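Take a look at the structure below.
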Amino acid sequence: MGVSVRILCVCFVLFMAIEAIEVVPNAAPMDSILENKNIFKKRRSRPPSRSRPIDYTFKLPTAPTSWPEGNGFAGGILDLGGLQVSQASTFLKVWGAYDGGLDNQGASVYEPIGIPEGFSMLGSYSQPNNKPLFGYVLVAKNVFSSTTNSTLKPPVDYTTVSNTASIKATQDSTLYIWLPVPPDGYKALGHVVTTTPDKPPLDKIMCVRSDLTNQCESSSWIWGSNDINLYDGKPINRGTQAPDVRVGTFITQNGGNFNPPSISCLKNLNSISKIMPNEKQVEAILQAYSPFLYLHSDEEYLPSSVNWFFSNGALLYKKGQESSPVPIEQNGTNLPQDPNIDGAYWLDLPADNANKERVKKGNLQSAESYVHVKPISGGTFTDIAMWIFYPFNGPGRAKVKFLDIKLGKIGEHVGDWEHVTLRVSNLDGKLWHVYFSQHGSGSWIDSSQLEFDTTKRPVVYASLHGHATYPHAGLVLLGKNGVGARDDTNKGRNVMDMGKFVLVSADYLGSVKEPAWLNFFRGWGPHVDYSIDDELKNVEKLLPGKLKDGFESIIRGLPKEVLAEEGPTGPKAKNNWNGDEV
């Protein structure tokens, strides 16, 4: 019995070995091996298999499809003066590069598809691969009554701007970038792209009559390699009254060429407030998109309403009469209303110490955002600036390599105004961008890069003590080489619903009564009476010898809003009140 079992086992093993041998393929002929090598060579130019953010199309968590009745807001079309424009945000990918550029993830180029009947392409779209696909280009339709002076005409030819045949980046194929040659009296507003050296058909794109265009400039960098650089384009003239319109097409620049680009932007010859939202629509926009503001878990200095600040002992001082300040009435009706920034008046905390310390802490329950609505990009977008008031800005902190250091009184000042701005398309009603203010400057963030809470509204983080606004929690170091002031944010328990708002200004509506405090142009706090030199010396005493090098120069090089020797001016005194955010 034992022998039989052993024989059976041996037979089974031999059988399995034969089976294994039979499934091994025959050796490939040499020609096949060479062919396989060529296949592998070709594959090196193909996109890597790993997915990138660009492989996904971003959609807003909430995007209302109906709005209160109005005069054309979110209706899809705007007449610029014989030229109708609409947004195209569905794309066909033409080309991609898979390294270089932002985060070394490459970039992609698209042409719009699904263009409404009667409308024409004005140019191609491009964006970096390090974020989901989310963008638009304008498409246009001639509605001018004259047949001899049409607002749109096809190009008469194309010139090659550049191609990617010699770049070192991994790419799908060679990209050819073409500039339309417009007829006399017309301008090109974008490029046509192909993957062959053959010129595109002349009816692929339209050029626009010159009086409906204006000069463009390069904006954010999209991607570049071997002296080829792609940029976003934006109008040179920007602001609430500027008629210039961003088209959404990209600009190509070769080598060190910094001349004005050959690509133009559009210009609105009609009223720029034609399809701006009415008051009911503004309320609906804010109901959908107003953010939640998360304060740092260690934050001591909370926001409050302006009237809470006034009614809790804030005082108005006048130069030369410092010994007799006066209480501020509700809505600031006794504040000077002339538009001067001359130091003749300023606001301050209550005079008695107990109330002073109490008011410094703010009052979150009373806090509300103060909303300023204005047209931008020739009336194709609405900017909704949402201002937040803090009675006090706390002291700064620094990071010096591995050390975290308190900066004494540096950064302290009475009164602090911060804001975020929602940029909403008047064509489709979508939230496309949000601006985050940070110490006198700030940054625009695409909606695809925002955080959204469970109610599908955006999230904003306020930095500890300085209250700068950011789209994500964490540390931002204002400096270099591991030395600088800290902006720390996290998701603390104190949260402000910025949807609790007061509409304080919207000139185009003509019906919004501005509160008196909005027209107070002087300081919302006094001049600070401490010495930055002394404070820096006190900090430097704590540093080891080698770490002192460069610390003072980096700190002194920070924006004055961080060092904050003066109380800030109010919202209406800021450059962005009538201009674009910078």
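What you see is a predicted model, and the numbers here were worked out from it, not measured in a lab. In this chain, residues are counted from 1 in sequence order.
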Audit row: Leu269, Leu80, side-chain contact (heavy atoms from CB on, under 4.5 Å) steps and yes/no: CA-CA 5 Å; Leu269 301 182; Leu80 303 181; 5.9 Å; no

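- Checking Thr164 against Gln171 by side-chain atom types alone, a donor-acceptor pair falls below 3.5 Å.
- The backbone N or O of Pro277 lies less than 3.5 Å from a partner atom in the side chain of Tyr508, making a donor-acceptor pair.
- When atom types are taken as modelled, the side chain of Thr240 and the backbone of Asn578 share a donor-acceptor pair closer than 3.5 angstrom.
- Within a 6.0 Å radius of NZ in Lys204, other residues, nucleotides and ligands contribute 12 heavy atoms or fewer.
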Show, in sequence, the C-alpha distance, side-chain angles and deciding distance for Lys280 and Glu69, and conclude whether the salt bridge (charged side-chain N to carboxylate O under 4.0 Å, His left out) test is met. CA-CA 8 Å; Lys280 288 291 185 184; Glu69 188 175 346; over 6 Å; no

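- Smallest separation of non-hydrogen atoms from Asp79 and Lys274: CB-NZ, 4.1 Å.
- Atoms CD1 and CG, from Ile275 and Leu78 in turn, are 4.0 Å apart once rounded to the nearest 0.5 Å.
- Arg246 forms no cation-pi arrangement with Phe381, by the criterion of a distance under 6.0 Å to the ring centre and an angle within 45° of the ring axis.
- Put simply, the side chain of Asn226 gets close to the backbone of Ser166: a donor and an acceptor are under 3.5 Å apart.
- A side-chain donor-acceptor contact under 3.5 Å links Tyr370 to the backbone of Val306.
- Between Lys374 and Gly579, the shortest heavy-atom distance links the atoms NZ-O, 3.3 Å.
- Nearest heavy atoms, Leu202 versus Pro155: O-CD, 3.3 Å.
- For the residue pair Asp383 and Thr421, no side-chain donor N or O sits within less than 3.5 Å of a side-chain acceptor on the partner.
- Looking at Ser89, its side chain never comes within 3.5 Å of a backbone N or O of Gly135 through a donor-acceptor pair.
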Could you give me the CA-CA distance, side-chain angles and deciding distance for Asn576 and Tyr435, then say whether side chain to side chain donor-acceptor pair (under 3.5 Å) is met? CA-CA 11 Å; Asn576 64 324; Tyr435 181 82; over 6 Å; no

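- Atoms CG and CG, on Leu189 and Leu212 in that order, are 9.5 Å from each other to the nearest 0.5 Å.
- Among the candidates Thr170, Asp172, Asn129, the single residue satisfying the side-chain hydrogen bond (donor to acceptor under 3.5 Å, both in side chains) test with Tyr98 is Asp172.
- Counting only distance, with no hydrogens or angles, the side chain of Asn426 and the backbone of Gly379 share a donor-acceptor pair below 3.5 Å.
- No side-chain donor-acceptor contact under 3.5 Å links Asn163 and Thr174.
- Listed for the His472 side chain is a donor-acceptor partner under 3.5 Å among the backbone atoms of Gln449.
- Taking the ring axis of Phe452 as reference, the NZ or CZ atom of Arg457 does not stay both within 45° of it and closer than 6.0 Å to the ring centre.
- In this structure, Phe134 has its ring center under 6.0 Å from that of Trp432.
- Here the CD1-CG distance, from Ile228 to Leu175, works out to 8.0 Å after rounding to the nearest 0.5 Å.
- A salt bridge does not link Asp103 to Lys131: none of the charged side-chain nitrogens sits closer than 4.0 Å to a carboxylate oxygen.
- Judged purely by atom type and a 3.5 angstrom limit, Ser425 uses its side chain to pair as donor or acceptor with the backbone of Asp428.
- Closest of all the heavy-atom pairs between Ile341 and Ala573 is CD1-CB, 4.0 Å.
- Of all non-hydrogen atoms in Phe250 and Ser126, the two that sit nearest each other are CD2-CB, 3.7 Å.
- Although no hydrogens or angles enter the test, the distance criterion places a donor-acceptor pair under 3.5 Å between the side chain of Gln127 and the main chain of Pro132.
- A donor-acceptor contact shorter than 3.5 Å is absent between the side chain of Trp95 and the backbone of Tyr176.
- Each of Ile285, Ile384, Val504 was scored for a side chain to side chain contact (heavy atoms under 4.5 Å, CB included) with Val373, with one residue passing: Ile384.
- Annotation: Asn71, atom CG; neighbour count of heavy atoms from other residues, nucleotides and ligands within 6.0 Å does not exceed 12.
- Asp244 and Lys267 are not joined by a salt bridge, as no carboxylate oxygen comes within less than 4.0 angstrom of a charged side-chain nitrogen.
- Remark: Lys199 fails to qualify as a cation-pi partner of Tyr158 under the 6.0 Å distance and 45° angle criteria applied to the six-membered ring.
- For Trp178 and His191, the ring centers sit 6.0 Å or farther from each other.
- No side-chain donor from either of Tyr231 and Glu217 sits under 3.5 Å from a side-chain acceptor of the other.
- No side-chain donor-acceptor contact under 3.5 Å links Thr196 and Thr194.
- The pair Glu111-Lys93 does not count as a salt bridge, with every side-chain nitrogen at least 4.0 angstrom from each carboxylate oxygen.
- In this structure, a donor-acceptor pair under 3.5 Å is present between the side chains of Tyr470 and Asp487.
- The aromatic ring centres of Trp417 and Trp517 sit less than 6.0 Å apart.
- Listed here is the closest heavy atom pair of Gly224 and Asn229: CA-OD1, 3.5 Å.
- To the nearest 0.5 Å, atom CG of residue Leu518 and atom NZ of residue Lys513 are 13.0 Å apart.
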If you apply the rule salt bridge (charged side-chain N to carboxylate O under 4.0 Å, His left out), what do you find for Lys491 with Asp453, and how did you get there? CA-CA 12 Å; Lys491 202 171 248 187; Asp453 84 328; over 6 Å; no

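- Going from atom CG of Leu450 over to atom CD1 of Ile445 covers 7.5 Å, rounded to the nearest 0.5 Å.
- Between atom CZ of residue Arg423 and atom OG1 of residue Thr380 there is a gap of 8.5 Å, rounded to the nearest 0.5 Å.
- Under a 4.0 Å N-O distance rule, the pair Glu581/Lys574 does not qualify as a salt bridge.
- In summary, the aromatic rings of Phe436 and His419 are positioned with their centroids too far apart to meet the 6.0 Å limit.
- Residues Gln438 and Thr469 bring no donor and acceptor atom of their side chains to less than 3.5 Å of each other.
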